[in-house]
Amino acid sequence: MSGTNVTGDRNPSPWQRITAASGGTNRWVVLAVLCVSLVLVALDATILHVAVPSVTEDLRPGSIELLWIVDAYPLVCAALLILFGTLGDRVGRRRILLLGYGLFGVASAIAAFADNAQVLIAARALLGIGGAMIMPATLSILRQVFPDRRERALAIGIWTAVAAVGAASGPVLGGFLVQHYWWGSVFLINIPLMALILPMGRWLLPESKGTSDGPWDVTGALMAAAGVLGAVLGIKRLGAERQLLDAETLVPLAIGAALLILFVRRQKRRAHPLIDMRLFSRAAFSTSVGCIVLAMLALVGLELIAVQYLQLVLQLSPLETGLRLLPLTFAAMAAGATGSYTLTRVGPRTMVSLGFLLTAFAVLLLTLMGQQDRPLLLTVGFVLLGFGLQTTLFAAYESMLNEAPAATAGAAASIGETSYQLGAGMGIVLLGSVMNAAYAPGLAHVAGVSEADSAGATNSLGEAYQIAAQLGGAAGEALHAAARHSFVHGLHVTLVVSAGLLLAGAVMALKLPRVMECEVSAGGEGEAVALPAQGGERRAVALPAQATGDPYPARVEHAG
């Protein structure tokens, strides 16, 4: 495997002994362990969503604190992915992964027994650090143990399907735990998972490193982390109804943008950069990253709003809410399981574009939701949404990972996961801001309700219900009805905005390659063929890196 070194231990692990005897067939066992790791991280990204009302009632966080309780995990994770992804390439990907497991377990225990919002936010941030260690390591190890693109496409299909299962199962499991125990139990379930996965990872996973030439750029890694956090913090404060020119918004935005610009310039100058910026000059890589951001931007904010709609508008229990989201899970599993076959048949460009279009159609279909429960409509919408989104993410991830050399798999994986997490965090902020902007005006003038109570009701639908209950009488009923109606109106506006983002993603995907190129081991180094899409045959030849001096060989595609 060019550019990737499996460390030679004096005392080889059982996995290394089995692999040596079996010719490497144990890569599917490795995939199984990595998928368990992924479930752990994906569960924690969504399991808290159905517990938000319970957390609000128990800890009484302010509106900004509530946003941070939800956002701290994905945003801290996004900020540190580059740091830990590139560090794993240097010191060992399994080592970073196992450290991430340990930190995840400790942070879960702290979060479960948090007695105030500040402790819970800090624990969620620690979970984000653990997630940043785990996510790029799983994808880079997968890149290492599956050098053949067709097998790797199947493995990524399984990997993304498992991610969908974890993310979409979070609300179901979280709903069950909140309904039968208390909100802290959604974090306690991580601990037995850690007790299982930590020894399994130590025993079964291979250690691997990328190239280790030159020093690791600590300054650059910290610069990237601070830049991402600054930019996102500014966007969050802008979403909290602050003006762009307010110091609390402008300062972190300006600092974050400046640090990211300096980081890019620093990487271009260094002989041994953390991230080779030439990757972004390849249309397939940069387009795949953009598609991942847009897909998550459109989805995750909607998911949080949808959970609130199911619980607060339709008055479903947390468990019922999770069960309503199960069709999305099964559809995403189906898309991941069939993704490899679809990709070889239609190619990345068509697959990503059609995935975006299907998701946009599903989102627009959901605008037919109202104040009355329509279970069939919700089921159809969630099925189309899950299948379309997972189709997009699978093809985008596969195309992105294929463009990066195996030696820098950790860096490439960190870019993909940063895009995923940053898109998810910004989606909550952006679509949450759209939701608030459409929701608040409907509560400005409610008969019998004071300006102070109206202002409090605009913070969230849950708070509006609490104020309405305190008011009682005709004024309370009027506020309750107005808040419910305004929330549904805001949901419709948010869905339309999300559909616009998804259609933009479908246009962006037109820059991806038409066909799936696969290296041929018997054809000599540097040679590649493109699996034909329906409607005609094409092949692509990769010029050897030795002939061009470029680690990212150019491919010349022509009709066969």
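Heads up: numbering here begins at 1 and tracks the sequence.
At least one side-chain heavy atom of F394 sits less than 4.5 Å from a side-chain heavy atom of M351. Put simply, the side chain of L358 does not reach to within 4.5 Å of the side chain of T391, judged on heavy atoms. Side-chain contact between W183 and L120 is present, with heavy atoms from C-beta onward closer than 4.5 Å. Taking the side chain as every heavy atom from C-beta outward, M277 and F263 approach each other to under 4.5 Å. Looking at F356 and C291, their side chains come closer than 4.5 Å, going by heavy atoms from C-beta outward. For the pair I141/V30, a side-chain contact is recorded, criterion being any heavy-atom separation below 4.5 Å from C-beta on.
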Inset, instruction - Kindly indicate, with the supporting measurements, whether the criterion side-chain contact (heavy atoms from CB on, under 4.5 Å) is fulfilled by L384 and T359. - result: CA-CA 6 Å; L384 296 177; T359 309; over 6 Å; no

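Contact detail for I292 and M400: the closest heavy-atom pair is CD1-SD, 4.4 Å. Scanning all heavy atoms of the two residues, the minimum distance from T392 to V352 falls at OG1-O, 3.5 Å. Here the closest heavy-atom approach between residue P327 and residue T379 is recorded as CG-CG2, 4.0 Å. Here the closest non-hydrogen pair linking L98 and G201 is CD2-C, 3.9 Å. Taking both residues in full, the closest heavy atoms of A117 and I69 are given as CB-CD1, 4.2 Å, listed atom of the first, atom of the second, then distance. Annotation for E398 and L343: closest pair OE1-CD2, 3.5 Å, computed over non-hydrogen atoms.
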Sequence neighbours excluded and cut-off under 3.5 Å, please list the side-chain donor-acceptor pairs for residues 184-200, or say none.
residue, atom, partner, partner atom, Å
S185, OG, W182, O, 2.6
N190, ND2, D44, OD1, 2.8
N190, ND2, S108, OG, 2.9

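Residues satisfying the side-chain contact (heavy atoms from CB on, under 4.5 Å) criterion with A125, sequence neighbours excluded, are V76. Under the salt bridge (charged side-chain N to carboxylate O under 4.0 Å, His left out) criterion, R324 pairs with D373, not counting sequence neighbours. A132 is linked by a side-chain contact (heavy atoms from CB on, under 4.5 Å) to C77, L80, L81, F84, counting only residues two or more places apart in sequence or in another chain. F104 pairs by the ring-ring contact (aromatic ring centres under 6.0 Å, His included) definition with nothing, not counting sequence neighbours. Applying the ring-ring contact (aromatic ring centres under 6.0 Å, His included) test to F330 and every residue at least two apart in sequence or in another chain returns nothing. Every residue meeting the side-chain contact (heavy atoms from CB on, under 4.5 Å) condition with A334, not counting sequence neighbours, appears here in chain and number order: F387. Among residues two or more places apart in sequence or in another chain, the salt bridge (charged side-chain N to carboxylate O under 4.0 Å, His left out) test is passed with R95 by none. With sequence neighbours excluded, the residues that form a side-chain contact (heavy atoms from CB on, under 4.5 Å) with V218 are W216, L222.
The main-chain N or O of L512 is found under 3.5 Å from a side-chain atom of R349 such that the two form a donor-acceptor pair. In this structure a side-chain-to-backbone donor-acceptor pair under 3.5 Å is present from T344 to Y341. Remark: side-chain polar atoms of R93 are not paired, donor with acceptor, to backbone N or O of T138 under 3.5 angstrom.
Atom CG in L204 sits 10.0 Å away from atom CG in L34 (nearest 0.5 Å). In this structure, the separation between CZ on R270 and OG1 on T219 is 7.5 Å, given to the nearest 0.5 Å. Atom CG of residue L83 and atom CE of residue M223 lie 12.5 Å apart, to the nearest 0.5 angstrom.
For residues 283-299, the set of pairs meeting the side chain to side chain donor-acceptor pair (under 3.5 Å) definition, not counting sequence neighbours, is empty.
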